[in-house]
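Structure first, then comments.
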Amino acid sequence: MDREKYEELVTTFFEWNQPAISQIFAELLSAVAAEGASSPASLMSQNYETARANPEIHMLPGNLKDARDAIFPYFWGTDSWNNPLHLENVRGPANHASLIGVLACILKNPNLCTDRYSQRSNELEVKAITTLANLIFYHTDDPWGVFSIGGTISNLYGAKIGLERVLPGAMRTGLVGERIVGICSQAGHYSNQTVAGWLGIGTTNLIEIPTDEHLAMRIDLLESKLDELYRSKTKVAYVCATFGTTDGFGIDDIESIRNVIVAKSKQYSVPMPQLHADAAVGWALSMLTDYDTTKNSLRMEPGLLELVKRAQIHNRGLRFADSVTIDFHKMGRGHYPSSAFIVNRREDLKYLARTVSETPYFSDADASRDPALFTLECSRPAIGPYSVIASLNGIGLTGWQMLLARSLELAQRLKDKLETIEHCKVLNAGTCGASVNWWVLPKGRNAEEIFQRLVRNELTPEQIARYLPEIRQLFDKRLKSMDPSLDARLGFTTSYGYRPNGIHIPAWKAVFFNPKTTEAMVDRIAYSIAEL
Ligand SMILES: *Cc1c(COP(=O)(O)O)cnc(C)c1O
């Protein structure tokens, strides 16, 4: 081989050429900053037509700028969601403390499978998990957990522990023809379906309990469903409570769920199902747990203070969960993927444990510090721990309390504004969170009255077929007439979670994750709806 060419290649791509690398970083940073001058999501139109027809690989070795040029159009054509008019969904701009953490992480590129491949980064994972566990479970003794690639996978871990609880050895033997079910609420995330399907339980064996109007699982219906299941000798592997539903921020009463499953498993002499809390969205409220509402050192207005007190009451519920899912990449404003699965008692991980002989690859692994002995994944990125610890310590608990309170404040402001419009109905008025779900009907309709008649099952099928599509039509009408530099981008859901009489209810949606969103932007939403 041509030794000279080889050396040149190695120098270009494996030596740390700081000026060359920093220059490209600086260029990319400038490009991100330039995004501020354009409206959200209008950076560059997509070109899927030839993405498959034109696969690409250069023939000759180039340099770092070739790497830059190869990805640049896609980088430029991707919206970072920094614009404060983005309110569509549970994503916002990632914070810059996280950016520092994550950049540090990728410079070292640790693999969290075992600490041989990650050294102190593995220690950082333990620190990040323990910190989050103490926020969630509030000064717990022996928590443990791991970062995964998303809330779906974190929920999968919770469900898998439940499966092993009620069917010991399922990891080896499979489900052996038993009927096994998992339970969540009708407002739960669709990842519950994914999990039931992928675990082999089957999506038809995922039982969705209806919610009340505040999107919380109906405890009475959970109780009667458990009676029915246990009487028919069905095994219940887990109950996945939701702490902050994705559309409307509904919060299940986890303490009551625990009381019911404890009582029922005793009554029928069966093993307790795993009580997992899917707090992918809502976990961040736990930052508010320790805020002293009497001292009120952040000088929150009375209305906001009430919301904080309500959040504090909800937060207590988390302590009754066996395990939780936390998506730091949602309300933690961290980078993807930063999801954590955390158990309150470390011993519960025994349900997932493999022996060293089952992982010959990691023959020197030590179960006390090497997650590969129980994780679903083998290689695991360390982005989560770096994002979490950098963000928590850069921003600080008080900083987080300000960010959280601001989200609650803006959501409440929009709710209050919409309540004054007759042809609007706020659907999640009673939830305490960062999102707003509502109806917009044509002017002249009384949205509140129509909603109440829907709940009481007094609407004819014809009326339902007329009213519900109007909500979408008006959403589309606003899309056509909106000024992208002034009007916020809103989301739409075909079913926000509450299903009176089994009816899926569509809704407009706004999520306040962007710290730069202003009162004026919120007020303009209400104004533009009144003008539709
Ligand atoms: C987003 C979300 C999930 C899935 O999380 P990913 O990180 O997107 O995989 C699960 N549950 C809830 C409540 C969510 O909002």
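When a ligand or atom number is given, it counts from 1 through the structure's own listing order. Keep in mind that what you see is a predicted model, and the values were worked out from it rather than measured.
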Residues E164, K160: salt bridge by 4.0 Å N-O rule: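 Salt bridge between E164 and K160, a charged N being under 4.0 Å from a carboxylate O: yes.
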Short N-O contact, E409 and R406, less than 4.0 angstrom: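 Looking at R406 together with E409, the answer is yes, because their closest N to O distance falls below 4.0 Å.
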Single hit among D247, T493, N437 for side chain to side chain donor-acceptor pair (under 3.5 Å) with K509: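 So, applying the side chain to side chain donor-acceptor pair (under 3.5 Å) to K509 and each of D247, T493, N437, only D247 qualifies.
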Y498 and F451 aromatic ring geometry - parallel, tilted or perpendicular at 30°/60° bounds: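 F451 and Y498: tilted rings.
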Residues in ring pair (Phe, Tyr, Trp, His ring centres under 6.0 Å) contact with Y157, at least two apart in sequence or another chain: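 For Y157, the residues satisfying ring pair (Phe, Tyr, Trp, His ring centres under 6.0 Å) (neighbours in sequence not counted) are F341.
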Stacked cation flag R472 on F492, 6.0 angstrom / 45 deg: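 Checked: cation-pi criterion met.
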Ligand 1 N/O to protein N/O, distances under 3.5 Å:
| from | atom 1 | to | atom 2 | distance (Å) |
| --- | --- | --- | --- | --- |
| ligand 1 | 5 (O) | G151 | N | 3.2 |
| ligand 1 | 5 (O) | D327 | OD2 | 3.1 |
| ligand 1 | 5 (O) | K330 | NZ | 3.4 |
| ligand 1 | 7 (O) | G151 | N | 2.7 |
| ligand 1 | 7 (O) | D327 | OD2 | 2.7 |
| ligand 1 | 7 (O) | H329 | NE2 | 2.9 |
| ligand 1 | 9 (O) | G151 | N | 3.1 |
| ligand 1 | 9 (O) | T152 | N | 3.1 |
| ligand 1 | 9 (O) | T152 | OG1 | 3.1 |
| ligand 1 | 11 (N) | D278 | OD1 | 3.2 |
| ligand 1 | 11 (N) | D278 | OD2 | 2.6 |
| ligand 1 | 15 (O) | T246 | OG1 | 2.7 |
| ligand 1 | 15 (O) | K330 | NZ | 2.9 |

